[in-house]
**Student:** 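Dropping the structure in here first, questions after.
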Amino acid sequence: MSSGVLTPVQRYVIGGSPAVSKVTDRKIYLSMPFKAHLLACVSRGGSPSAVFRAAGLDPKVIGYKRIERATAHVRGSRPVRDWLERNGDVWDETPRPRFDGIVADDVTARDGGDSGVDEVYRILMAVSNRCNELQRRVEMLSARLEAVERGSGDVS
């Protein structure tokens with residue numbers, strides 16, 4: 001991955017992590033709760049690679065340089081720091097299998113571009129990503145509803 005371009009298979013696998021809000025061929029957009037969790041962990045001396053790995057983002061797939069850059073970004077980001085101070089580290093570290101049977105070696109072995117990805121696999125991954133996104137939204141809305149029902153009024 002020296003060119004920095006993510007293949008379709010890599011994008012599907014990376015997009016399956018609850019830590020990721022969006023993936024393009026060159027960029028991975030992390031969710032704010034994950035950014036805050038990353039900041040909290042590295043502030044306590046934790047390993048950034050271990051944080052990514054625990055979120056289902058294998059450093060061999062996404063690249064160590066991306067992890068370094070993301071870590072530097074969250075350390076210097078006022079919005080992330082503010083979010084963490086306001087909400088705390090709410091990241092759920094419960095392992096959630098996203099793509100059973102797909103490991104880093106499978107992804108790198110199939111990263112020859114579109115020619116190595118069959119259409120059925122592509123459709124299944126797109127459906128899986130959409131389901132994961134909807135699940136994250138339901139969880140977020142459930143948390144907001146609980147906050148309102150408790151009377152805290154904080155629904156941010």
Side-chain angles (χ1 to χ4, degrees), residues 1-111 125-126 128-148 150 152-156:
M1 239 181 42
S2 60
S3 66
V5 177
L6 296 167
T7 67
V9 173
Q10 289 169 324
R11 290 194 307 266
Y12 285 130
V13 171
I14 291 166
S17 169
V20 176
S21 59
K22 178 182 170 184
V23 182
T24 68
D25 61 343
R26 292 196 177 266
K27 190 161 180 172
I28 301 168
Y29 296 86
L30 300 172
S31 69
M32 185 58 81
F34 181 74
K35 288 179 188 178
H37 175 64
L38 177 60
L39 178 60
C41 289
V42 297
S43 295
R44 292 188 305 259
S47 161
S49 291
V51 175
F52 277 80
R53 195 174 294 110
L57 298 169
D58 189 331
K60 289 184 243 170
V61 175
I62 65 171
Y64 290 96
K65 192 65 174 177
R66 279 193 176 95
I67 292 173
E68 285 177 25
R69 288 182 185 138
T71 304
H73 172 76
V74 299
R75 280 185 172 147
S77 172
R78 188 70 194 156
V80 173
R81 194 168 300 281
D82 290 345
W83 196 96
L84 180 59
E85 288 173 10
R86 189 173 59 247
N87 300 293
D89 186 359
V90 298
W91 184 254
D92 179 12
E93 291 193 45
T94 306
R96 297 185 222 177
R98 292 294 182 192
F99 302 107
D100 292 336
I102 298 177
V103 294
D105 293 338
D106 295 334
V107 175
T108 54
R110 295 185 70 179
D111 72 356
M125 289 297 114
S128 179
N129 283 341
R130 183 67 176 146
C131 289
N132 291 337
E133 177 186 336
L134 292 172
Q135 181 181 0
R136 285 192 296 268
R137 287 184 182 180
V138 166
E139 290 169 357
M140 178 197 62
L141 291 171
S142 294
R144 285 182 177 179
L145 179 60
E146 284 179 17
V148 168
R150 284 192 308 256
S152 70
D154 182 21
V155 294
S156 55

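One is the number of the first residue; the rest follow in order along the sequence.
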**Student:** Identify the two heavy atoms, one from Ala70 and one from Leu30, that lie closest to each other, and give their separation to 0.1 Å.
**Tutor:**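 Shortest heavy-atom separation between Ala70 and Leu30 comes out as CB-CD1, 4.0 Å.
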**Student:** Is Asp82 salt-bridged to Arg78, cutoff N-O under 4.0 Å?
**Tutor:**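 Counted as a salt bridge, because a side-chain N and a carboxylate O are separated by less than 4.0 Å.
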**Student:** Hey, could you give me the NZ/CD1 distance between Lys22 and Ile14, rounded to the nearest 0.5 Å?
**Tutor:**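 Rounded to the nearest 0.5 Å, the NZ-CD1 separation comes to 14.5 Å.
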**Student:** Can you name the side chain to side chain contact (heavy atoms under 4.5 Å, CB included) partners of Ser31, sequence neighbours left out?
**Tutor:**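 Listed in chain order: Pro33, Phe34, Trp91.
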**Student:** Do Val23 and Tyr12 make a side-chain contact, defined as non-hydrogen atoms from C-beta onward lying under 4.5 Å apart?
**Tutor:**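 No, side chains not in contact.
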**Student:** Do the non-hydrogen side-chain atoms of Pro48 and Glu68 ever get within less than 4.5 Å of each other?
**Tutor:**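 Not in contact.
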**Student:** Do you know which two heavy atoms are closest between Val5 and Gln10, and how far apart they sit?
**Tutor:**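 Taking every non-hydrogen atom into account, O-OE1, 4.1 Å.
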**Student:** Does the side chain of Leu6 come within less than 4.5 Å of Arg26's, by heavy atoms?
**Tutor:**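 No - every pair of side-chain heavy atoms lies 4.5 Å or more apart.
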**Student:** Grab the two heavy atoms, one from Val20 and one from Gly15, that are nearest each other, plus how far apart they are.
**Tutor:**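 Reported closest heavy-atom pair: CG1-CA, 4.2 Å.
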**Student:** Roughly how far, to the nearest 0.5 Å, is the CD1 atom of Ile28 from the CZ atom of Arg69?
**Tutor:**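 Going from the CZ atom of Arg69 to the CD1 atom of Ile28 covers 11.0 Å.
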**Student:** How many angstroms lie between CG in Leu141 and CD in Glu146, if you round to the nearest 0.5 Å?
**Tutor:**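 One finds 11.5 Å between CG of Leu141 and CD of Glu146.
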**Student:** Going from CD1 on Ile62 to CZ on Arg53, what distance comes out if it is rounded to the nearest 0.5 angstrom?
**Tutor:**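 Output value for this atom pair is 9.5 Å.
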**Student:** Would you please name every residue forming a side chain to side chain contact (heavy atoms under 4.5 Å, CB included) with Ala36, sequence neighbours left out?
**Tutor:**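 Ala36: side chain to side chain contact (heavy atoms under 4.5 Å, CB included) contacts with Trp83, Leu84.
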**Student:** Quick one: list whatever passes side chain to side chain contact (heavy atoms under 4.5 Å, CB included) with Glu133, sequence neighbours left out.
**Tutor:**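 Side chain to side chain contact (heavy atoms under 4.5 Å, CB included) list for Glu133, sorted by chain: Arg130, Arg136, Arg137.
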**Student:** Where the side chain of Ser43 meets the backbone of Leu39, is there a donor-acceptor pair that is under 3.5 Å apart?
**Tutor:**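 Present.
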**Student:** Would you say Ser17's side chain and Gly56's backbone share a donor-acceptor pair under 3.5 angstrom?
**Tutor:**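 Not at all, since once roles are kept as given, no pair shorter than 3.5 Å links the two residues.
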**Student:** Are Leu57 and Arg66 close enough that some pair of their side-chain heavy atoms sits under 4.5 Å apart?
**Tutor:**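 No, too far: nothing below the 4.5 Å cut-off.
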